[in-house]
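Below is one structure, written out as structure tokens; the observations come after it.
Computed from a predicted structure; not experimentally measured. Values reported hereafter were calculated over all heavy atoms of this structure, with side chains retained and with hydrogens, waters and symmetry mates removed.
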Amino acid sequence: QLQLVESGGGLVQPGGSLRLSCAASGFTLDYYAIGWFRQAPGKEREGISCISSVNVNTYYADSVRGRFTISRDNSKNTVYLQMNSLKPEDTAVYYCARKSQICGGMYYRSDHYDYWGQGTQVTVSS
């Protein structure tokens, strides 16, 4: 059964860090790009980062560039999102999703992804 499972969310103070994981099962991650999205209450889902498969190109939204780092470990079939210098406005449910090989300039389009995880809650608050 094909699955993406996010973990690592939680409550953190402003300025703190979290590392999210996206573990894939039922398919080999090597051939796919993985994107991270987030959705805050009352807001649209936002594409924030993506990592391609072959050349491992990475993409970031302006809102997270310089603070978040996406990486992948194909041997563990897992993609990570290291989040530093967290702000209250980063509070959201974070999702990972799969698309074919290359992120591309439209990596933030949710309709370009075919499988999604269930999400993990990140809350940044003092």
### Query
Do the non-hydrogen side-chain atoms of Cys50 and Tyr113 ever get within less than 4.5 Å of each other?
yes

### Task
Mind listing the closest non-hydrogen atom pair of Tyr108 and Phe37 along with its distance?
O-CE2, 3.4 Å

### Query
Hey, would you say the Tyr115 and Tyr32 ring centroids sit under 6.0 Å apart?
no

### Task
Kindly indicate, with the supporting measurements, whether the criterion side chain to side chain contact (heavy atoms under 4.5 Å, CB included) is fulfilled by Ile34 and Arg98.
CA-CA 5 Å; Ile34 296 293; Arg98 185 188 84 164; 4.1 Å; yes

### Query
Roughly how far, to the nearest 0.5 Å, is the CG atom of Asp30 from the CG atom of Asn74?
4.0 Å

### Query
Looking only at atom types and distance, does a side-chain atom of Thr91 sit under 3.5 Å from a main-chain N or O of Val124, one as donor and one as acceptor?
yes

### Message
Is there a continuous path of hydrophobic side-chain contacts, each under 4.5 Å between heavy atoms, that joins Met106 to Tyr95?
### Response
yes

### Residue pair Val122 / Arg38, side-chain heavy-atom distance below 4.5 Å
no

### Message
Quick one: does any side-chain atom of Ser49 pair with a main-chain N or O of Tyr59 as donor and acceptor, under 3.5 Å?
### Response
yes

### Query
Nearest 0.5 Å, what's the SG-CG distance between Cys22 and Leu29?
7.5 Å

## Note on the structure
Value for OG (Ser52) from OH (Tyr107), rounded to nearest 0.5 Å, stands at 11.5 Å

### Query
Take atom CD in Glu44; do more than 12 heavy atoms of anything else shown fall under 6.0 Å from it?
no

## Note on the structure
Shortest non-hydrogen pair, Ala92 vs Gln121, comes out as O-NE2, 3.4 Å

#### Entry: Flag side-chain contact, heavy atom, 4.5 Å: Ile48 against Leu81
yes

### Message
Restricting to non-hydrogen atoms, name the atom on Gly8 and the atom on Leu18 that form the minimum distance, rounded to 0.1 Å.
### Response
O-CD2, 3.8 Å

### Task
Report yes or no: do Trp116 and Phe27 belong to one cluster of Ile/Leu/Val/Met/Phe/Trp/Tyr joined by side chain heavy-atom distances under 4.5 Å?
no

### Message
Counting C-beta onward and ignoring hydrogens, is there a side-chain heavy-atom pair between Leu11 and Ser125 closer than 4.5 Å?
### Response
yes

### Message
Between Asp90 and Lys87, does any NZ, NE, NH1 or NH2 come within less than 4.0 Å of an OD or OE carboxylate oxygen?
### Response
no

#### Entry: Criterion side chain to side chain contact (heavy atoms under 4.5 Å, CB included) on Cys96 and Val79, from CA distance to verdict
CA-CA 9 Å; Cys96 64; Val79 169; over 6 Å; no

### Query
Is any side-chain heavy atom of Leu20 less than 4.5 Å from a side-chain heavy atom of Glu6?
no

### Summary
Closest non-hydrogen contact found for Thr78 with Lys76 is OG1-O, 2.8 Å

### Task
Kindly give the heavy-atom pair with the smallest separation between Leu4 and Ala24, and that separation in Å.
CD2-CB, 3.8 Å

### Shortest non-hydrogen contact from Pro14 toward Ser126
CD-N, 3.7 Å

### Query
When the ring centroid of Phe68 is compared with that of Trp36, is the distance short of 6.0 Å?
no

### Query
Does a side-chain heavy-atom distance below 4.5 Å link Ser53 with Arg72?
yes

### Query
Under the 6.0 Å and 45° cation-pi test, does Arg19 pair with Tyr80?
yes

### Task
Establish whether Tyr60 and Tyr94 are linked, either directly or via other cluster members, by ILVMFWY side-chain heavy-atom contacts under 4.5 Å.
yes

